Enquirer: 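Sharing a structure below in structure tokens format, with a few things to ask.
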Amino acid sequence: MSSNQFDKKSEAWSALFSEPMSDLVKRYTASVSFDQRLWQADIAGSLAHADMLAAQGVISAEDLAAIERGMAQVRHEIEAGSFEWKLDFEDVHLNIEARLTQIVGDAGKRLHTGRSRNDQVATDVRLWLRGEIDLILSLLSELQLSLVEVAEKNLSVILPGFTHLQVAQPISFAHHLLAYVEMFARDAERLTDVRKRTNRLPLGSAALAGTTYPLDRERVARSLGMVDAQGHAQICQNSLDAVSDRDFAIEFTAAAALVMVHISRLSEELILWMSQNFGFIRIADRFTTGSSIMPQKKNPDVPELARGKTGRVVGHLMGLITLMKAQPLAYNKDNQEDKEPLFDTVDTLRDTLRIFADMIGGQLNPSTGLKEGGITVNPQAMEQAALKGYATATDLADYLVKKGLPFRDAHETVARAVKAAVEHACDLSELPLNVLQSFHPQIDKDVYNLLSLRGSLNARNTLGGTAPEQVKAQLARHRDRLK
Ligand code: ARG
């Protein structure tokens, strides 16, 4: 066969095909417009496969050298933007192989020995996703660090904690931010776990049943870095499963959807906090836009969009999981539909995490060594809000319990005191002692320490609580963990 017989895709299969595809069907079946982003993984996988074929004596050393030379040129052309991606070659795999064969001739045609696009694409997607997971893990750390830094800068700030969006109890602002650090830390754990199952080698499974060539799959796994923490090669153990498994993509998207859900909850709070009615924070102008009609507006577009994009990523999870439902073994072309949702999930998550780390924590000013342009906190507004809504009522009940009342009775007594305070339009701490004593004679003047915001916080000094001592301990733990 001369190399120019591989100029069109239909000729890439065989002479079996008696009619060409229409342009519409060509576009319908092709993936090259989106899967070309896998090119680096595709070349890496091919080089590892070729190296192993030569080591096993399946291809000659000369063929390997030609493949390596040709692939270097392909890489160069793609990087330079001069590589011509052709719809006729359907996908990234056939495009690269066709160009390789154009450059080096028969050696290029030997590359596909003992391999199918089925194990090839599964390998490529895994390799690519592994790199993206690593990047996302580092972005998750950066976002956590931003939150930790803002928490440290605002250690003494108090805001109302809410349940049902009704003022519940006063809490430390740092404690509130650290709740998100916990979420993102769990996200990182989940992604680290997904990475383990992503980093396994399908190559060597060929189309579905394995291959007749004496392949050394362990060698390929090692050269692609598909090893566990102990250095054991990670290889898919069943050829049918290897070519059809997309669990890793679903798991990744599920973990990504959960990150976005956490981002979305944070967004919702940022949006509330920066509304005029709260006035707790400001975000830098570069994350807001104005209104074309109302000159006074600064809208929180970035957090709103992040909240919206969460729906899109959750949708990708539904798309992927439904894609796999009812597919018979082994590979089916349905699987080509895994790429766009997966790619868009990665892009959306990556951009969102980058923007949020900056929006919360700001950017490093190299001349001062400090971060600038993160969220601005208004401690007075937060504290004023915490003083509304009888946030320390539970503290009064706890006080009475310590004097011997059963909690339920204390609860009822305080409810009556709150009712009186509401009628007088004042806070519990503003009721005179004789009025408080009219609800229970054992109330003494030391009660006023507890009815203050700081007294209420200090009293919640159990592990994981909002007392300053606990919050400082958590900050130290996160600092240490994120080093
Ligand atoms: N472009 C294809 C995909 O993304 C590659 C695998 C094609 N395999 C096949 N037997 N048609 O899934």
Side-chain angles (χ1 to χ4, degrees), residues 6 8-14 16-17 20-21 23-46 48-49 74 78 83 85-101 109 111-132 198 200-211 236 238-250 252-253 316 319-347:
F6 199 55
K8 285 218 183 66
K9 189 189 75 173
S10 55
E11 291 156 8
W13 323 139
S14 70
L16 194 63
F17 292 78
M21 268 184 181
D23 283 346
L24 177 59
V25 174
K26 229 185 252 177
R27 268 192 284 122
Y28 194 74
T29 54
S31 53
V32 65
S33 63
F34 50 86
D35 70 10
Q36 52 180 272
R37 80 154 78 187
L38 297 173
W39 70 269
Q40 280 167 309
D42 195 68
I43 291 178
S46 287
H49 181 67
V74 169
I78 297 174
F83 189 94
W85 297 100
K86 294 186 180 146
L87 195 65
D88 267 326
F89 289 123
E90 189 178 300
D91 59 23
V92 60
H93 324 291
L94 291 178
N95 266 275
I96 289 180
E97 193 186 330
R99 179 67 187 129
L100 175 75
T101 301
K109 291 190 218 157
L111 171 61
H112 213 50
T113 312
R115 184 176 78 167
S116 151
R117 278 187 302 156
N118 299 349
D119 56 349
Q120 185 178 0
V121 68
T123 304
D124 289 5
V125 177
R126 284 169 183 266
L127 282 176
W128 170 82
L129 186 58
R130 181 183 71 184
E132 296 296 331
T198 302
R200 289 180 189 163
L201 180 76
L203 265 186
S205 304
L208 75 164
T211 169
C236 300
N238 179 293
S239 59
L240 290 168
D241 179 48
V243 295
S244 65
D245 170 29
R246 295 293 181 275
D247 290 2
F248 64 94
I250 295 172
F252 168 79
T253 308
H316 291 327
L320 279 174
I321 204 159
T322 311
L323 170 69
M324 295 314 294
K325 172 193 166 294
Q327 270 197 53
L329 288 173
Y331 177 88
N332 303 281
K333 187 75 168 185
D334 312 41
N335 285 354
Q336 183 166 288
E337 286 289 308
D338 65 354
K339 287 172 197 62
E340 287 157 295
L342 188 60
F343 294 169
D344 189 69
T345 297
V346 164
D347 293 344

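Given the structure is predicted, the values throughout are model-derived calculations rather than measurements. All ligand and atom numbering here is 1-based and tracks the order in the structure. Residue numbers count from 1 along this sequence.
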Enquirer: For ligand 1, is there an N or O atom under 3.5 Å from any N or O atom of Glu90?
Expert: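 No - when backbone and side-chain N and O of Glu90 are compared with those of ligand 1, no distance drops under 3.5 Å.
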Enquirer: Within a distance under 4.0 Å of any heavy atom of Ser31, pick out the atoms of ligand 1 and give their elements.
Expert: 1 (N)
Enquirer: Answer yes or no: does atom CD of Gln36 have more than 12 heavy-atom neighbours from other residues, nucleotides or ligands under 6.0 Å?
Expert: yes
Enquirer: Would you call Lys339 and Asp35 a salt bridge, taking side-chain N to carboxylate O under 4.0 Å as the test?
Expert: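 Answer for the salt bridge query: no.
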Enquirer: Nearest to atom 4 (O) of ligand 1, what protein heavy atom do you find, and at what distance?
Expert: Lys339 NZ, 2.6 Å
Enquirer: Where's the contact between Gln120 and ligand 1, heavy-atom distance under 4.0 Å: side chain, backbone, both or neither?
Expert: neither
Enquirer: Give the minimum heavy-atom separation between Phe252 and Leu342, together with the two atoms involved.
Expert: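 What the structure gives for the nearest pair is CD2-CD1, 3.7 Å.
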Enquirer: Write out the residue and atom name of the closest protein heavy atom to atom 11 (N) of ligand 1, then the distance separating them to 0.1 Å.
Expert: Arg117 NH2, 3.4 Å
Enquirer: If the threshold is 4.0 Å, N to carboxylate O, is there a salt bridge linking Arg37 and Glu132?
Expert: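 Here Arg37 does not pair with Glu132 in a salt bridge, since their nearest N and O are not under 4.0 Å apart.
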Enquirer: N/O of Tyr331 under 3.5 Å from N/O of ligand 1, yes or no?
Expert: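 Such a contact does occur with ligand 1.
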Enquirer: With respect to Gln336, determine whether any N or O atom, backbone or side chain, lies less than 3.5 Å from an N or O atom of ligand 1.
Expert: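 Checking ligand 1 against Gln336, an N or O pair does fall under 3.5 Å apart.
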Enquirer: Verify the neighbour count for atom NZ of Lys325: are there more than 12 heavy atoms of other residues, nucleotides or ligands below 6.0 Å?
Expert: no
Enquirer: What protein heavy atom sits nearest atom 5 (C) of ligand 1, and how far off is it?
Expert: Asp91 OD2, 3.5 Å
Enquirer: Check whether the side chains of Asn335 and Gln327 place a donor and an acceptor atom closer than 3.5 Å, and report yes or no.
Expert: yes
Enquirer: Verify the distance criterion only: is there a donor paired with an acceptor across the side chains of Arg115 and Ser46 at less than 3.5 Å?
Expert: yes
Enquirer: Suppose we measure from atom 8 (N) of ligand 1 to each protein heavy atom; which comes out shortest, and what is that distance?
Expert: Asn118 OD1, 2.9 Å
